[in-house]
Amino acid sequence: MKELLSKDEYYYVEVMNECIKVPKVVLRSEGNFPNFFNITFEALYRDLSELMISKKLIRPPPQAAPQLNRDAGLLKDLIKLLQGVELEMTNDYKKVLRKEARYY
């Protein structure tokens, strides 16, 4: 079960009612591990596996993406930066992005 879920190329998270796909590949580079996503989803996968075994389920129960009360635009910009996209930004915005990056 865990292997099946972990094979997807993306982490899915809901940020302020907006579903965002986070490519796993951008989080595998040096300095980006461990992070919010792999820790959160590792716990989610483990809990699902334990539930399926204990209840003798043949398929996983429906799951919603984790929900965050963060700024979706900031996460999208962080993903772009990790993908190598250059963004024009002020020094103040850089400070905000650094703070947001520490959360994740």
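Start at 1 with the first residue, then count along the sequence. Because the structure is predicted, anything quoted here is derived from the model rather than measured.
Glu14 contributes atom CD, which lies 9.5 Å from atom CG of Asn69 (distance to the nearest 0.5 angstrom). Within the model, atoms OH of Tyr104 and CG of Leu82 stand 12.0 Å from one another, a figure rounded to the nearest 0.5 Å. Interatomic distance, CE of Met89 versus CG of Leu97, reported as 5.5 Å (0.5 Å rounding). Summarising the geometry, atom CG belonging to Asp77 is positioned 13.0 Å from atom NZ belonging to Lys94; distances are rounded to the nearest 0.5 Å.
Residue Pro23 comes nearest to Ile79 through the heavy atom pair CD-CG2, 3.9 Å, listed as atom of the first residue, atom of the second, then distance. Here the shortest heavy-atom pairing between Gly73 and Tyr93 reads O-OH, 4.3 Å. Shortest non-hydrogen contact noted between Val15 and Arg70 is CG1-O, 3.2 Å. Contact record, Pro34 with Ile39: CB-CD1, 4.0 Å, taken as the closest heavy-atom pair. Considering all non-hydrogen atoms of both residues, Val13 and Pro66 come closest at CG2-O, 3.3 Å.
For the pair Glu100 and Leu75, the minimum side-chain heavy-atom distance is 4.5 Å or more.
At a threshold of 4.5 Å between side-chain heavy atoms, the hydrophobic network of Ile, Leu, Val, Met, Phe, Trp and Tyr places Val96 and Met16 in one connected group. Placement of Leu81 and Phe33 in two distinct hydrophobic clusters is found when ILVMFWY residues are connected by side-chain heavy-atom separations under 4.5 Å, directly or transitively. Both Tyr103 and Leu74 sit in one connected hydrophobic cluster of ILVMFWY residues. Membership requires side-chain heavy atoms under 4.5 Å apart, directly or through other members.
Under the 6.0 Å distance and 45° angle rule, Lys21 counts as a cation-pi partner of Tyr10.
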For this session: Evaluate side-chain contact (heavy atoms from CB on, under 4.5 Å) for Val22 paired with Ile20, printing each intermediate quantity in order.
Result: CA-CA 6 Å; Val22 181; Ile20 298 177; 4.3 Å; yes
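Between the side chain of Asn32 and the main chain of Val26, a donor-acceptor pair closer than 3.5 Å is present. Put simply, the side chain of Lys24 gets close to the backbone of Asp8: a donor and an acceptor are under 3.5 Å apart.
At most 12 non-hydrogen atoms from other residues, nucleotides or ligands lie less than 6.0 angstrom from CD of Glu86.
Using bins of under 30°, 30° to 60° and over 60° for the plane-to-plane angle, the ring pair Phe41/Phe37 lands in the parallel bin.
Donor-acceptor pairing under 3.5 Å is lacking for the side chains of Tyr11 and Asn38.
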